Undergrad: 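Quick one: structure below, then a few questions.
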Amino acid sequence: MMKNYFIVIVLLCYALNISSSYCQNNTSGLITYNVSLGDDKLIMENKTLRPFYIQAIKASENLKYELHFKDGESIFKPQKRMSVDGENIDLAKAFVGCDGLIYTNYKEALVLYEKANSKDNVVLKKDDIPNWKLINEKKYIHGYECYKAEAVLKVINEAKSFNFKIIAWYTPQIPLPYGPKGYFGLPGLILELQERNVSFGLSEIKYGTNNTIKIDKPKGKVVSLSDYN
Amino acid sequence: MKKKIVLIIGFILFSGNVFSVGKSTSDFMYGRCLNVAIAAYDSAISVGLSHDQAESIAYRTLEYCHHTIE
């Protein structure tokens with residue numbers, strides 16, 4: 001009996017050590033996401049936007065984004081590459097809604113967006129932190145067990161206000177709160193995210209003991225996104 | 001309205017034609033590009049994109065239009 005208790009205690013200590021090592025050694029890393037622009041009825045039915053959106057869809061097939069994270073901070077940005085065969089990669093990034101850099105500090109619930117051609121070095125601060133609703137649905141992505149979460153994207157512009165659905169698939173097997181395009185706060189890394197017509201899917205994960213990643217907070221005049229809009 | 005005025009001025013400055021006066025072909029084409037960009041901005045707003053995203057799309061359509069002229 002005592003021998004069984006002893007074995008259980010030893011196994012528990014071993015498991016806790018593994019978990020602690022995971023947290024210490026895997027707080028930094030790089031996730032690469034593919035992106036795709038899907039069918040959006042409102043955009044496709046707009047005669048002015050339609051031809052540009054079709055160009056952007058084509059260019060997005062070769063577009064990837066990188067999420068660098070370390071110690072509670074992350075940077076999300078398009079992967080550097082040259083346009084090929086006349087593809088309009090910059091237009092694709094504009095339709096994705098991220099042509100620059102998005103910085104997130106999840107402990108401070110701070111999301112800053114530094115646009116590619118920012119006038120007057122303005123950095124936009126996102127005010128809306130998603131109110132996630134955890135859904136009891138499961139699927140596997142690249143071998144990771146993932147669960148679904150939903151939120152609402154509210155857009156208020158000069159025309160009126162709009163609501164769009166956000167769907168995220170996160171994995172508790174990687175207990176880090178990060179995700180693409182400044183989305184964070186789920187009990188696991190977001191491996192897939194759909195925001196209206198834009199979908200991000202996991203391409204590659206690298207995490208571990210590499211602490212040479214440097215996360216720099218964007219410098220510039222911070223303006224609230226709701227004021228800017 | 002104020003944002004639209006700022007946007008138009010920004011695009012004019014970007015196009016580099018702020019000091020151009022006259023009815024030359026290139027002025028006409030750059031003017032057309034500006035109209036396309038403004039239409040893209042208005043359309044992006046009407047389909048539910050945010051001001052900052054509509055601005056980026058309009059900027060890129062203007063850039064692309066200038067590139068096709070050159």
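Predicted model only: the values in this text are computed from it and were never measured. Proteins get letters first, then strands, A, B, ... in listed order; numbering begins at 1 in each.
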Undergrad: As an exercise: rank A:Asp40, A:Thr48, A:Val96 by heavy-atom pairs under 4.5 Å with chain B and give me the winner.
TA: A:Thr48
Undergrad: What part of A:Leu153 gets closer than 4.5 Å to chain B, counting heavy atoms only: side chain, backbone, both or neither?
TA: neither
Undergrad: Mind listing the closest non-hydrogen atom pair of A:Trp169 and A:Lys138 along with its distance?
TA: CZ3-C, 3.9 Å
Undergrad: Please rank B:Ala40, B:Gly48, B:Ser56 by heavy-atom pairs under 4.5 Å with chain A and give me the top one.
TA: B:Gly48
Undergrad: Against chain B, label A:Phe164 side chain, backbone, both or neither, depending on which of its atoms sit under 4.5 Å from a heavy atom there.
TA: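 Contact with chain B: side chain only.
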Undergrad: Under 4.0 Å between a Lys/Arg side-chain N and an Asp/Glu carboxylate O for A:Glu204 and A:Lys64?
TA: no
Undergrad: Should the pair A:Glu150-A:Lys148 be classified as a salt bridge under the 4.0 Å nitrogen-to-oxygen rule?
TA: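 Yes.
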Undergrad: Nearest 0.5 angstrom please: A:Gln173 CD to A:Tyr147 OH, how far?
TA: 8.5 Å
Undergrad: What pair of heavy atoms forms the shortest contact from A:Tyr113 to A:Cys98, and how long is it?
TA: OH-CA, 3.6 Å
Undergrad: Identify which part of A:Phe95 has an atom lying under 4.5 Å from any heavy atom of chain B, answering side chain, backbone, both or neither.
TA: both
